[in-house]
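Lettering follows sequence order; numbering is per chain, from 1.
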Protein chains: 2
Amino acid sequence: MPYEHSLYGCPVDATLNVISGKWKPQILRLLFQGTRRFGVLQRSIPGISRHVLTTQLRELEQDGIIQRTVFAEVPPKVEYSLTEFGKTLEPVLTGLLTWGEHYIQQQDKQKSAT
Amino acid sequence: MPYEHSLYGCPVDATLNVISGKWKPQILRLLFQGTRRFGVLQRSIPGISRHVLTTQLRELEQDGIIQRTVFAEVPPKVEYSLTEFGKTLEPVLTGLLTWGEHYIQQQDKQKSAT
DNA sequence: CTGCATCCTCGGGGATACTG
DNA sequence: CAGTATCCCCGAGGATGCAG
């Protein structure tokens, strides 16, 4: 029975550590739609470099969110996909999305109320 | 009609920017329970300094999540509480909490499966 | 095509001292 | 009591070049 006093600092921070890389929400959004190759991911996320994309993917893999599949071909081919556990993140991100939309509306109202 | 194609990178990042200060989940947890004075907050969060607590509170205030009430007394007294809008964050954080607990369980299984 | 090594920048967060 | 003002450190993320 973990976290019985609901000191929710720790598990909340754990979740944030998993999803709060600069590009991770975008990466996850793409992978929620299906398996993607490395190059496709890079072209789908304007502004990200190979190095950083690699880093973010490695971290998500380390955290058990995504799977990396290497095909022994020439030229190399690597596919990334969500693990079953990774798919459980979708409703969480949807929650963040929905609240974020409300937040942005709220900010707009603040400005126009000047 | 904002974000119609559900490109949820942006609003998700907006939410993350609001809640992902190092101590913000803890601060919010305390304020979900009710109004708190500055000193009470500091003593409730071991390890945080006044400077950093001030910074995090200012940011949350700026984002419209919390309210700061100053009492013209000696010695000074300042109370912090959630705004109505800030209260809408609670279910979001609860979502992060729940997923974080599953995640921690998952990690434990990984280790013991060695 | 995919990825590692190296170097650098920048800002969040910490330590400390002073103040209304 | 509740801050502000400085200074500093460290790590995430960006740029570039090399490699299997």
Side-chain angles (χ1 to χ4, degrees), chain A residues 9-10 12-31 34-63 65-82, chain B residues 9-10 12-31 34-63 65-82:
Chain A
C10 300
V12 170
D13 289 345
T15 306
L16 289 174
N17 284 334
V18 170
I19 63 178
S20 65
K22 180 169 178 183
W23 308 93
K24 285 180 186 174
Q26 288 192 62
I27 293 170
L28 292 172
R29 172 174 58 88
L30 292 165
L31 294 183
T35 298
R36 293 287 185 274
R37 294 186 57 172
F38 184 89
V40 173
L41 287 174
Q42 193 184 356
R43 271 175 269 114
S44 303
I45 306 175
I48 196 172
S49 69
R50 270 169 302 168
H51 181 197
V52 173
L53 177 55
T54 302
T55 304
Q56 307 265 308
L57 289 170
R58 287 287 180 281
E59 291 175 1
L60 289 171
E61 190 188 0
Q62 199 79 19
D63 291 332
I65 307 303
I66 66 176
Q67 257 171 346
R68 179 168 178 268
T69 311
V70 182
F71 295 83
E73 302 177 359
V74 170
K77 171 178 167 182
V78 180
E79 283 187 348
Y80 292 90
S81 59
L82 290 169
Chain B
C10 300
V12 170
D13 289 345
T15 306
L16 289 174
N17 284 334
V18 170
I19 64 178
S20 63
K22 180 168 178 183
W23 307 93
K24 285 180 187 175
Q26 289 193 59
I27 292 169
L28 291 172
R29 172 174 57 89
L30 293 165
L31 294 183
T35 298
R36 294 287 184 275
R37 295 186 55 172
F38 183 90
V40 173
L41 287 174
Q42 193 183 358
R43 271 176 269 114
S44 304
I45 306 175
I48 196 172
S49 68
R50 269 169 302 168
H51 180 196
V52 173
L53 178 55
T54 302
T55 305
Q56 306 264 309
L57 289 170
R58 287 288 181 282
E59 290 173 1
L60 289 170
E61 189 187 2
Q62 198 79 19
D63 290 333
I65 308 302
I66 66 177
Q67 258 172 344
R68 180 168 177 269
T69 311
V70 182
F71 295 84
E73 302 177 357
V74 171
K77 172 179 169 182
V78 180
E79 283 187 348
Y80 291 91
S81 59
L82 291 168

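- Between A/I66 and A/L57, the shortest heavy-atom contact is CD1-O, 3.4 Å.
- Of the side-chain N and O atoms in A/R50, none sit less than 4.0 angstrom from OP1 or OP2 of D/dT16.
- Residues A/H51 and A/V78 both approach DNA chain C. Their nearest nucleotides, taken by heavy-atom distance, put A/V78 toward the 5′ side.
- The CD1 atom of B/I27 sits 11.0 Å away from atom CG of B/L82, with the distance rounded to the nearest 0.5 Å.
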Open item on the list: If you apply the rule side chain to side chain contact (heavy atoms under 4.5 Å, CB included), what do you find for B/L53 with B/F38, and how did you get there?
Closed with: CA-CA 9 Å; B/L53 178 55; B/F38 183 90; 3.8 Å; yes
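- Look at CG on B/L57: it is 11 Å from P on D/dA2, rounded to the nearest Å.
- Side-chain N/O atoms of A/R68 include one lying less than 4.0 angstrom from OP1 or OP2 on C/dG3.
- Computed from coordinates, the B/Q42 CD to D/dG3 C1' distance equals 11 Å when rounded to whole Å.
- Separating the CG atom in B/L28 from the CD atom in B/Q56 is a distance of 9.5 Å, to the nearest 0.5 Å.
- In this structure, B/Y80 and A/K22 both approach DNA chain D, and ranking their closest nucleotides by distance from the 5' end singles out B/Y80.
- With the end axes of the helix from C/dC1-D/dG20 to C/dG20-D/dC1 each set by five pairs, the angle from one to the other reads 50° at 10° resolution.
- Spacing between atom CD of B/E61 and atom C1' of D/dA2 amounts to 14 Å, rounded to whole angstrom units.
- Following rounding to the nearest Å, B/E73 (CD) and D/dG3 (P) show an atom-to-atom distance of 14 Å.
- In this structure, the CG atom of A/L41 is 10 Å from the P atom of C/dG3, given to the nearest Å.
- Between A/R37 and C/dT2 there is a side-chain polar atom (N or O) within less than 4.0 angstrom of OP1 or OP2.
- In terms of heavy atoms, B/L16 sits closest to A/S20 at CD1-CA, 4.3 Å.
- Nearest-nucleotide mapping onto DNA chain D: of A/E59 and B/P75, the residue sitting toward the 5' end is B/P75.
- In this structure, B/R58 reaches the sugar-phosphate backbone alone: every heavy-atom distance under 4.0 Å involves primed, P, OP1 or OP2 atoms, never a base.
- In this structure, the nucleotide among D/dG14, C/dT2, D/dA2 sitting nearest to the side chain of B/P76 is D/dA2.
- Here D/dG13 presents its C1' atom at 15 Å from CG of A/L60, a figure rounded to the nearest Å.
- Expressed to the nearest 0.5 Å, how far CG of B/N17 lies from NZ of B/K24 amounts to 8.0 Å.
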Distance-only donor-acceptor hits, side chain of residues 43-51 of chain A, under 3.5 Å, sequence neighbours excluded:
unit_1, atom_1, unit_2, atom_2, d
A/S44, OG, A/V40, O, 2.6
A/S49, OG, A/V52, N, 3.3

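- D/dG13 atom P lies 13 Å from atom CD1 of A/I45, rounded to whole Å.
- Closest to the side chain of B/T54, from the set D/dG3, C/dC1, C/dG3, is D/dG3.
- Side-chain nitrogen and oxygen atoms of A/Q56 include at least one within less than 4.0 Å of the OP1 or OP2 phosphate oxygen of D/dG13.
- Residue B/Q62 places its CD atom among 12 or fewer non-hydrogen atoms of other residues, nucleotides or ligands, all under 6.0 Å distant.
- For B/V52, whose side chain is taken as the heavy atoms from C-beta onward, the closest listed nucleotide among C/dG14, C/dT2, D/dC1 is C/dG14.
- A/Q62 has its CD atom 13 Å from the P atom of D/dA12, to the nearest Å.
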